[in-house]
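Below is one structure, written out as structure tokens; the observations come after it.
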Amino acid sequence: MHDASDGHDTLHDHAPGGGRHTRGGVRTYLAGLGFAVVLTLASFWVASTQTIWGPSVPVLLAALAIGQMGVHVVFFLHISSGPDDTNNFLALAFGIFIVGLVVFGSMLIMSNLNSNNMTPMANGQMQMQR
Amino acid sequence: MSLVDTLTTPAEGDVPLSERGPAAVDVVVGFGFWLFLLSDIVIFGSLFAAYAVLAGQTDGGPDGQHLFDRANVLIETGCLLASSFTCGLFSLAIERRAAAATYLWAAVTFAFGAAFLGLELSEFIRMIGEGAAPTRSAFLSAFFTLVGTHGLHVTLGLCWLAVMVAQIATLGFRPHIVRRLFCFSLFWHALDIVWIGVFTIVYLGAAYA
């Protein structure tokens, strides 16, 4: 029974996060932890410091967060873009696509509606048309 | 299940992909759980969208800049990150079938997760005590929904971890138990990824709402 669970390692597929002998190991997790700690502390520092030009802070925070998510995906979940990971990677890409549509689409639509609300007349006409 | 494995294992090399038969159970389970996690992340994505839209709608009530305690958030983040790391050591111990190390890292993972949850709950109680309850404004409704949903996931994850440790103790490292443990570690790492979004957008981004 035990042989069955870790005896196979097909060339074309492996599960996400699978610590299959070649990948994983304590060193991978330690590297991931190190990167994550540095990026987290950098985020908190960027948000609290006065030395960075104000308007650039949100961009920096977004970049650091995306970087840290990437670190978690690669070092903790072991998702890569390699040929044996195609299914997992495609699913991840689709998930990111949907999340991007939902988040940025909502923000775009709502800010558009907000700016329409600034002129009550135009907004009233739009509601009449619906 | 072992029959399927022995059938698929030699099917490599020059056999075309379409004739290799079903993938190994481990791969199918992992991929299915990965799809579930991505759908869960889409749920969080819509909660993030709701929060981003409503973050400025404080209705004259307290806003994030005055409510959030950054030091507390940093400790929470540290707890969850440490818990994610020890969860990695936990799955390495499972791979080695080392029972003592498995129990040790499961306990450490649970402790860090519980510490995170305790800090979050005390923050919620403090905020509600200050009159910043979810009913106060649209901003606070969105905040409690988003952060509360994440906290609920962590709570369920802790229950799951406790059940899995009981299953190792009673059933041992059977293949289906190992698969469940593997799904748990995916779940736990994914929660940490969602938390990166929470602390960046909700807590550090409060000044830009």
Side-chain angles (χ1 to χ4, degrees), chain A residues 1-19 21 24-26 28-30 32-33 36-37 39-41 43-44 46-48 57-58 61-62 64-65 68-69 72-73 75-77 79 87-88 91-92 94-96 98-100 102-107 110-111, chain B residues 1-2 5-6 8-9 11-13 17 20 23-24 26-27 29-31 33-35 38-39 41-42 44-46 48-50 52-53 70 73-74 77-78 81-82 84-85 87-89 91-92 95 97 173-175 178-179 182 185-186 189-190 192-193 196-197 199-201 204-205 207-208:
Chain A
M1 276 306 256
H2 277 201
D3 288 341
S5 71
D6 46 39
H8 51 73
D9 215 354
T10 52
L11 274 176
H12 293 273
D13 254 330
H14 83 88
H21 315 295
V26 180
T28 311
Y29 286 109
L30 272 177
L33 180 71
V37 165
L39 288 168
T40 302
L41 290 178
S43 291
F44 278 82
V46 163
S48 341
V57 170
L61 283 178
L64 287 167
Q68 197 181 341
M69 286 177 183
H72 280 246
V73 166
F75 289 91
F76 290 164
L77 289 174
I79 303 283
N87 290 337
N88 302 325
L92 175 66
F94 184 66
I96 292 171
I98 297 292
V99 168
V102 168
V103 173
F104 291 106
S106 305
M107 290 172 73
M110 292 310 288
S111 75
Chain B
M1 169 237 127
S2 62
D5 281 342
T6 46
T8 51
T9 306
E12 285 173 12
L17 187 62
R20 272 180 208 150
D26 285 12
V27 172
V29 169
F31 183 64
F33 198 74
W34 178 233
L35 290 185
L38 288 169
S39 69
I41 285 174
V42 170
F44 277 110
S46 27
F48 272 117
V53 166
R70 227 170 242 183
V73 177
L74 186 57
T77 306
L81 184 58
S84 205
F85 173 67
C87 179
L89 300 180
S91 39
L92 287 178
E95 229 173 285
R97 304 288 189 270
F173 293 106
R174 295 188 192 175
V178 172
R179 280 198 295 275
F182 169 67
S185 69
L186 285 182
H189 292 314
D192 205 15
I193 293 180
I196 298 170
F199 83 71
T200 303
I201 293 174
L204 299 182
Y208 309 94

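The structure displayed is predicted, hence computed values, not measured ones. So you know, we letter chains A, B, ... as the sequences are listed, proteins then strands, and number each from 1. Hydrogens, waters and symmetry mates are skipped; everything else that's a heavy atom, side chains included, is used.
Proximity to chain A (any heavy atom under 4.5 Å) is shown, for B:Leu204, by both the backbone and the side chain. Looking at A:Ile98, only its side chain comes within 4.5 Å of chain B, counting heavy atoms on both sides. Heavy atoms closer than 4.5 Å to chain B are found in both the backbone and the side chain of A:Leu92. B:Phe44 does not touch chain A: none of its heavy atoms, backbone or side chain, sits under 4.5 Å away. With a 4.5 angstrom heavy-atom cutoff, A:Val46 does not touch chain B via any of its atoms. Contact annotation for B:Ser91: only side-chain heavy atoms (C-beta onward) come within less than 4.5 Å of a heavy atom of chain A. Interface residue A:Leu30: backbone and side-chain heavy atoms are both found under 4.5 Å from chain B. Contact annotation for A:Met69: both backbone and side-chain heavy atoms come within less than 4.5 Å of a heavy atom of chain B. Contact annotation for A:Ser48: both backbone and side-chain heavy atoms come within less than 4.5 Å of a heavy atom of chain B.
The shortest side-chain heavy-atom distance between B:Phe199 and A:Gln68 falls under the 4.5 Å cut-off. When side chains are defined from C-beta on, B:Leu81 counts as touching A:Leu33, because their heavy atoms get closer than 4.5 Å. The closest side-chain heavy-atom distance from B:Val73 to A:Phe44 is below 4.5 Å. Proximity of A:Phe94 to B:Leu38: side-chain heavy atoms (C-beta onward) are nowhere separated by under 4.5 Å.
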* Carefully, step by step, assess A:Leu77 and B:Ile193 under the rule side chain to side chain contact (heavy atoms under 4.5 Å, CB included). => CA-CA 10 Å; A:Leu77 289 174; B:Ile193 293 180; 3.7 Å; yes
* Start with the C-alpha distance between A:Leu64 and B:Thr200, add both sets of side-chain angles, then the distance that settles side chain to side chain contact (heavy atoms under 4.5 Å, CB included), and finish with yes or no. => CA-CA 9 Å; A:Leu64 287 167; B:Thr200 303; over 6 Å; no
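The distance from atom NE2 of B:His189 to atom OH of A:Tyr29, rounded to the nearest 0.5 Å, is 4.5 Å. With values rounded to the nearest 0.5 angstrom, A:Asn88 atom CG is found 8.5 Å from B:Leu35 atom CG.
B:Asp192 approaches A:His72 most closely through the heavy-atom pair OD2-CE1, 2.9 Å.
Outside the 6.0 Å centre-distance limit, the rings of A:Phe76 and B:Phe85 are not counted as a close aromatic pair.
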